[in-house]
Amino acid sequence: EAKVRARGLCVGYAREMDERYIASRKLKADLRQTLQDAGLTTMFQPMYRADGTRIECCEALVRWTHPQRGPVSPDVFIRMAEDMGVVSTITRFVLDRACRECMRWPGHIAVSVNLSAHDLRNHDIVELVADTLAATGLSPSRLHLEVTESCLMDEPLAAGALLSELRAMGITIAVDDFGTGFSSLAYLDTLPLDVVKIDRSFVRNVTSDERRLKLLKGTVNLVRALGLNVVVEGVETEEQLAVIVENGAADLVQGFVFSRPLTSEQILALTSA
Ligand code: C2E
Ligand code: MG
Ligand code: MG
Ligand code: MG
């Protein structure tokens, strides 16, 4: 498994969709139909130990290929689904798929699922997660849940209580896109968390700008001082990876430098060698 680097399918989201089309009733109707037809799929992007020797976890990333428009960015259709009040259908689908696929992978590999703001406002998520673990047989120690900094800020107290329950079940909780919202580290310290995923905006320019590197290192050190593990997202080049490794600025690395999102079969092939 050492030093295997997956060269995934390079799927870009077709043409940029203009705002009018995204807001259109047609696209919403198409999404509704896709959910009815179980037309979504899931890809999995590995998180590697920073030295590249081992995959520790794979993040489930939902995919929707529109019959005419091609791939639609999840940033776009998750937001649509939130507005339509149907995002829990997507969460249920991805959670189930993620747990099922993880059961096929070697036992040391975990799977990470993104939750939306709506999921954090509903206590139903606790039961959904418990039911899915029971139905699939996955150990809670192999499930990670990612919540963005901004959706934590929505309703901090309710979100904190809910995450505590999930964490008490043995699930790992990660803050996603850290550094893009406006939460303080003092606030972060009050939440039941295990992992911080540092947003890819911290990685851009680390090789050319000493100040950006200092910012990344300082942030990583503060997060570690709180006893949390650090994932650095969006590492794209060997140069960025080298700087991060030299500076000990990540526990795990996720990014195109190691692998794009892959199918479950590709994860299996990569990890069971
Ligand atoms: P995220 O959770 O922060 O996921 C990371 C995104 O960055 C993914 O985009 C991934 O393909 C992309 N990425 C990974 N490595 C690199 C890199 O080296 N360079 C660059 N430029 N990008 C990289 P994707 O799959 O388009 O997902 C976008 C966002 O949509 C996710 O951000 C997440 O917020 C949301 N999302 C995706 N799947 C789900 C889901 O199942 N449920 C929910 N609620 N949200 C999801
Ligand atoms: Mg994520
Ligand atoms: Mg992220
Ligand atoms: Mg994101």
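When a ligand or atom number is given, it counts from 1 through the structure's own listing order.
- Nearest-residue assignment for atom 38 (N) of ligand 1 (options Ile78, Val62, Asp177; heavy-atom criterion): Val62.
- In this structure the side chain of Ile198 reaches within 4.5 angstrom of the side chain of Val196, judged on heavy atoms.
- Per-residue contacts place Glu233 under 4.0 angstrom from the following atoms of ligand 1 (heavy atoms of the residue considered): 3 (O).
- Backbone or side-chain N, O or S atoms of Glu146 do not reach the Mg ion (ligand 3) at under 2.8 Å.
- Looking at every heavy atom in both residues, Leu228 comes nearest to Leu193 through CD2-O, 3.1 Å.
- For the pair Thr34 and Trp64, the tightest heavy-atom approach, listed with the atom from each and the gap, is OG1-NE1, 3.0 Å.
- Between the OE2 atom of Glu233 and the OD1 atom of Asp176, the angle taken at the Mg ion (ligand 3) works out to 90° after rounding to 10°.
- Distance check for Asp177 against the Mg ion (ligand 2): none of its N/O/S atoms falls below 2.8 Å.
- Considering just the N/O/S atoms of Glu59, the one nearest the Mg ion (ligand 2) carries the name OE2.
- At least one N, O or S atom of Asn114 sits under 2.8 Å from the Mg ion (ligand 2).
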As a quick check of understanding, evaluate side chain to side chain donor-acceptor pair (under 3.5 Å) for Glu82 and Ser116, giving each step before the final call. CA-CA 8 Å; Glu82 288 253 5; Ser116 77; 2.9 Å; yes
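- Each of Glu59, Glu146, Glu56, Gln45 was scored for a side chain to side chain donor-acceptor pair (under 3.5 Å) with Ser112, with one residue passing: Glu146.
- Distances between N or O atoms of Asp176 and those of ligand 1 include at least one value under 3.5 Å.
- Between Glu149 and Asp177, the shortest heavy-atom distance links the atoms OE1-O, 3.6 Å.
- Taking the six-membered ring for Trp and thresholds of 30 and 60 degrees, Tyr48 and Phe258 have nearly parallel ring planes, at less than 30 degrees apart.
- Polar contact with ligand 1: absent for Ser73 (N/O pair, distance under 3.5 Å).
- Among the backbone and side-chain atoms of Asp199, none of the N, O or S atoms lies under 2.8 Å from the Mg ion (ligand 3).
- Near Gly255, meaning under 4.0 Å from any of its heavy atoms, are these atoms of ligand 1: 15 (N), 18 (O).
- In this structure the side chain of Leu128 never reaches within 4.5 angstrom of the side chain of Asp119, judged on heavy atoms.
- At least one N or O atom of Gln45, backbone or side chain, sits closer than 3.5 Å to an N or O atom of ligand 1.
- Ligand 1 has Arg200 within reach: a non-hydrogen atom of the residue lies less than 4.0 Å from it.
- Within the 4.0 Å heavy-atom shell around ligand 1 one finds Glu59.
- Not a single heavy atom of Arg260 sits less than 4.0 Å from an atom of ligand 1.
- In summary, the atoms of ligand 1 found under 4.0 Å from a heavy atom of Val235, numbered by their order in the structure, are 18 (O).
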Apply side chain to side chain donor-acceptor pair (under 3.5 Å) to residues Asp199 and Thr180 and explain how you reach the verdict. CA-CA 7 Å; Asp199 190 70; Thr180 57; 4.9 Å; no
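- Summarising the geometry of Leu216 relative to Phe202, their closest heavy-atom pair is CD1-CB, 4.0 Å, with the distance given to 0.1 Å.
- Of the polar atoms of Phe256, at least one N or O is found under 3.5 Å from an N or O of ligand 1, judged by distance alone.
- Hydrophobic cluster membership differs between Leu61 and Leu35, with clusters built from Ile, Leu, Val, Met, Phe, Trp and Tyr side chains linked at under 4.5 angstrom.
- Taking 4.0 Å as the cut-off between side-chain N and carboxylate O, Arg79 and Asp75 do not count as a salt-bridged pair.
- For ligand 1, the polar-atom distance check against Val94 finds no nitrogen or oxygen pair separated by under 3.5 Å.
- Taking a cut-off of under 4.0 Å to the non-hydrogen atoms of Pro261, the atoms of ligand 1 that pass are 11 (O).
- Nearest-heavy-atom check against atom 33 (C) of ligand 1 across Leu40, Val76, Asn114 picks out Asn114.
- Counting heavy atoms closer than 4.0 Å to ligand 1, residue Gln254 contributes nothing at all.
- Remark: Glu236 does not engage Arg204 in a salt bridge, criterion side-chain N to carboxylate O under 4.0 Å.
- Ligand 1 does not have Met43 within reach: every non-hydrogen atom of the residue lies 4.0 Å or more from it.
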